[in-house]
Amino acid sequence: MSKLVFYKIRNAECDFCGKHKEVVTSVNENTYICANCAKEINKHARINEFVVKQEKEQL
C-alpha cells in the first residue's frame, strides 16, 4: 500500500455525502471527505475489525 498523504481543502464538496463544506480532508489529492463522513467510516471500520477479531477468537 502506498503512503497516504492528507491535505486540508477549503470550500469543497465531500465525495461521500455530496455536501459543500468549509473544510474537507483530501487523501492523495483525489478523494474529499468531511469530518462527519470520516467519523462514520471510522466507526464502521472499528466495528468490522472488532467482529473479525471475535470470530478469530472463537475458532
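- Side-chain contact between Lys19 and Asn36 is absent, with no heavy atoms from C-beta onward closer than 4.5 Å.
- Placement of Phe6 and Val23 in two distinct hydrophobic clusters is found when ILVMFWY residues are connected by side-chain heavy-atom separations under 4.5 Å, directly or transitively.
- Cluster membership check: Ile9 shares its hydrophobic cluster with Val5, using side-chain heavy-atom separations under 4.5 Å among Ile, Leu, Val, Met, Phe, Trp and Tyr.
- Within the structure, the salt bridge (Lys or Arg N to Asp or Glu O under 4.0 Å) test picks out the following pairs touching residues 35-50 (sequence neighbours left out): Glu40-Lys43.
- To the nearest 0.5 angstrom, Gln58 atom CD is 13.0 Å from Lys56 atom NZ.
- Taking the side chain as every heavy atom from C-beta outward, Ser26 and Tyr32 approach each other to under 4.5 Å.
- Atom OG1 of Thr31 sits about 12.5 Å away from atom OH of Tyr7, to the nearest 0.5 Å.
- In this structure Glu22 satisfies the side chain to side chain contact (heavy atoms under 4.5 Å, CB included) test with no other residue, sequence neighbours excluded.
- Shortest non-hydrogen contact noted between Cys34 and Lys21 is CB-CG, 3.8 Å.
- Among all heavy-atom pairs drawn from Ile33 and Cys14, the shortest one is CA-SG, 3.8 Å.
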